[in-house]
Amino acid sequence: MNISKSGYRVFSANSTTACTELAKKITERLGVDLGKSVVYQESNRETRVDVKESVRGQDIFIIQTIPRDVNTAIMELLVMAYALKTNCAKNIIGVIPYFPYSKQCKMRKRGSIVCKLLASMLAKAGLTHIITMDLHQKEIQGFFSFPVDNLRASPFLLQYIQEEIPDYRNAIIVAKSPSAAKRAQSYAERLRLGLAVMHGEAQCSESDMADGRHSPPPMSSGRTTSGHPGLELPLMMAKEKPPITVVGDVGGRIAIIVDDIIDDVEDFVAAAETLKERGAYKIYIMATHGLLSAEAPRLIEESAIDEVVVTNTVPHEVQKLQCPKIKTVDVSMILAEAIRRIHNGESMAYLFRNITVDD
């Protein structure tokens with residue numbers, strides 16, 4: 001394809017190996033060259049972007065993977081988008097396979113919805129559209145003032161299960177908490193497999209204690225208040241976490257735990273140990289985004305988990321060197337097709353075949 005007549009460019013928002021590799025895979029599938037730009041950090045850690053070719057009147061796609069230094073990656077994306085806007089790009093579409101701060105999408109006690117703040121910043125910088133994958137909560141799309149295409153990685157992970165897991169017909173899909181049951185049910189129904197749900201696991205990130213519902217009234221500072229002292233409201237009973245139980249028979253089966261993000265792996269390791277005790281003879285974890293922070297590779301290597309399968313939405317090459325159990329599924333195909341369809345004004349429905357509202 002003649003890039004000068006294609007009407008669009010694809011740029012990489014940083015020079016890390018993982019982002020560049022994903023960008024090259026996408027451009028190879030599209031038959032275009034990667035846009036010429038330089039993204040680097042000044043000696044004082046300021047981000048600088050130099051666009052080396054004309055983008056006037058063109059659709060620009062910025063590919064940005066989110067490495068461990070999340071805030072630098074966000075600034076790279078913002079500065080590049082603003083540079084392209086200043087240089088009269090027609091449309092600026094961010095291809096952000098893993099959307100950062102997506103876990104901070106709910107109001108917490110004396111906190112803020114950081115995900116909404118980031119959405120506003122991206123719009124202000126000049127982005128007009130976003131392509132992402134498996135948002136932590138689908139409601140995040142409502143934070144944006146422009147279109148968001150939330151692609152799904154499940155077809156690629158389902159294909160991996162069917163082609164790479166021997167005797168997968170003897171498997172059972174496991175939700176490691178009741179909140180993950182809907183995703184697990186979708187996998188189980190598509191693979192015609194059974195479903196098991198684990199209950200009693202600590203859910204610190206989703207705890208009701210963190211959202212302000214149990215916030216105590218302000219303490220008196222010696223001042224008296226006149227008027228009505230307030231009503232006596234019914235006291236909500238405190239939650240008591242039950243012992244970990246597994247609803248469903250996993251004995252003599254392959255257990256496949258599915259989730260959208262695997263970051264700190266302590267919960268997954270504990271779930272794997274429980275499943276082993278219940279008789280599962282192999283344990284797989286399937287997740288879209290493999291953040292794998294801190295000591296995750298070492299903990300996985302020493303655990304009862306047989307394999308962790310994630311996509312290349314997030315760079316994790318270093319973690320793979322530390323832990324051979326980590327496997328990668330390439331999703332560049334669907335990202336490239338989304339870029340092509342958006343530029344050509346084609347329907348995106350093809351990419352959401354058999355995807356339901358609950359998926």
_Nearest-0.5 Å distance, CD of residue Glu28 to CG of residue Leu34_ = 10.0 Å
*asked:* Name the residue from Asn14, Thr47, Asp69 that meets the side chain to side chain donor-acceptor pair (under 3.5 Å) definition with Gln41.
replied: Thr47
*Going by atom types alone, do Thr245 and His199 pair a side-chain donor with an acceptor below 3.5 Å?*
no
*Would you say Leu275 and Arg278 make side-chain contact, with heavy atoms under 4.5 Å?*
no
_Distance-only side-chain donor-acceptor flag, Asp263 / Ser293, under 3.5 Å_ = yes
_In this structure, would Ile256 and Val247 fall into the same cluster of hydrophobic residues linked by side-chain contacts under 4.5 Å?_
no
*Rounded to the nearest 0.5 Å, what's the gap from CZ on Arg45 to CE on Met75? Could you check?*
12.0 Å
*asked:* Side chains of Asp259 and Ile257, heavy atoms from C-beta outward: is any pair under 4.5 Å?
replied: no
_Step-by-step side-chain contact (heavy atoms from CB on, under 4.5 Å) determination, Phe268 to Val308_ = CA-CA 10 Å; Phe268 291 93; Val308 174; over 6 Å; no
_Restricting to side-chain hydrogen bond (donor to acceptor under 3.5 Å, both in side chains), what partner residues turn up for Asp59, sequence neighbours left out?_
Asn91, His343
_Could you tell me if Arg183 sits above the aromatic ring of Tyr187, with its cationic atom closer than 6.0 Å to the ring centre and no more than 45 degrees from the axis?_
no
*Could you give me the CA-CA distance, side-chain angles and deciding distance for Tyr101 and Asn71, then say whether side chain to side chain donor-acceptor pair (under 3.5 Å) is met?*
CA-CA 10 Å; Tyr101 286 98; Asn71 295 330; 2.7 Å; yes
*asked:* Would a single hydrophobic cluster contain both Ile300 and Leu321, if residues Ile, Leu, Val, Met, Phe, Trp and Tyr are joined by side-chain heavy-atom contacts under 4.5 Å?
replied: no
*Quick one: do Glu337 and Arg340 make a salt bridge, cutoff under 4.0 Å?*
yes
*Would you call Glu53 and Phe11 a side-chain contact if the rule is heavy atoms closer than 4.5 Å?*
yes
_Gln64 versus Cys19, closest heavy-atom pair with distance_ = OE1-SG, 4.0 Å
_For the CD1 atom of Ile63 and the NZ atom of Lys25, what is their distance to the nearest 0.5 Å?_
12.0 Å
*Answer yes or no: is there a donor N or O on one side and an acceptor on the other, between the side chain of Asp50 and the main chain of Tyr40, under 3.5 Å?*
no
*Is it true that a side-chain atom of Asp264 and a backbone atom of Glu266 form a donor plus acceptor pair closer than 3.5 Å?*
no
*asked:* For the CZ atom of Arg298 and the OG atom of Ser303, what is their distance to the nearest 0.5 Å?
replied: 11.0 Å
*Does any non-hydrogen side-chain atom of Arg169 lie less than 4.5 Å from one of Arg192?*
yes
_Do Ser186 and Arg190 pair up side chain to side chain, a donor and an acceptor below 3.5 Å, judged on atom types alone?_
yes
*Can you name the ring-ring contact (aromatic ring centres under 6.0 Å, His included) partners of Phe99, sequence neighbours left out?*
Phe144
*So, do Thr27 and Asp33 sit near enough that their side-chain heavy atoms are less than 4.5 Å apart?*
no
_Looking at every heavy atom in both Pro297 and Gln319, which two are closest together, and how far apart are they?_
CG-CG, 3.6 Å
_Heavy atoms of other groups near Tyr82 OH, more than 12 under 6.0 Å_ = no
*Would you mind reporting whether Leu84 and Arg9 have side-chain heavy atoms less than 4.5 Å apart?*
no
*Kindly compute the distance separating CD (Gln162) from OH (Tyr168), expressed to the nearest 0.5 Å.*
4.5 Å
For residues 113-129, dump all side-chain donor-acceptor pairs below 3.5 Å to protein atoms at least two apart in sequence or in another chain.
from   : atom 1 : to     : atom 2 : distance (Å)
Ser120 : OG     : Lys116 : O      : 3.2
Thr128 : OG1    : Ile92  : N      : 3.2
Thr128 : OG1    : Ile92  : O      : 3.1
His129 : NE2    : Asp149 : OD2    : 2.7

*Apply side-chain contact (heavy atoms from CB on, under 4.5 Å) to the pair Tyr284 and Glu164, showing each step before the final yes or no.*
CA-CA 11 Å; Tyr284 290 80; Glu164 301 296 333; over 6 Å; no
*State yes or no: do Val318 and Ile262 share one hydrophobic cluster built from I, L, V, M, F, W and Y residues joined by side-chain heavy-atom distances below 4.5 Å, directly or via other members?*
no
*So Asp330 and Arg29, salt bridge (charged side-chain N to carboxylate O under 4.0 Å, His left out) or not? Walk me through it.*
CA-CA 13 Å; Asp330 180 26; Arg29 293 182 183 277; 3.6 Å; yes
*List the steps and the verdict of side-chain contact (heavy atoms from CB on, under 4.5 Å) for His136 and Asp260.*
CA-CA 7 Å; His136 187 57; Asp260 62 330; 2.8 Å; yes
*Which atoms form the tightest heavy-atom contact between Ile254 and Pro166, and what is the distance?*
CD1-O, 3.5 Å
*Under the side-chain contact (heavy atoms from CB on, under 4.5 Å) rule, what do Ile342 and Phe61 come out as? Steps first, then yes or no, please.*
CA-CA 10 Å; Ile342 288 173; Phe61 295 86; 4.3 Å; yes
*Could you tell me whether the side chain of Ile74 reaches within less than 4.5 Å of the side chain of Val70, counting heavy atoms only?*
yes
*Going by heavy atoms in the side chains, are Pro97 and Val331 under 4.5 Å from each other?*
no
_CD-CG distance between Gln58 and Asn87, expressed to the nearest 0.5 angstrom_ = 12.0 Å
_NZ/Lys320: more than 12 non-hydrogen atoms of other groups inside 6.0 Å_ = yes
*Would one find more than 12 heavy atoms of other residues, nucleotides or ligands at under 6.0 Å from atom CE of Met333?*
no
_Greater than 12 external heavy atoms within 6.0 Å of Asn344's CG_ = yes
_Side chains of Glu301 and Gln322: any donor to acceptor distance under 3.5 Å?_
no
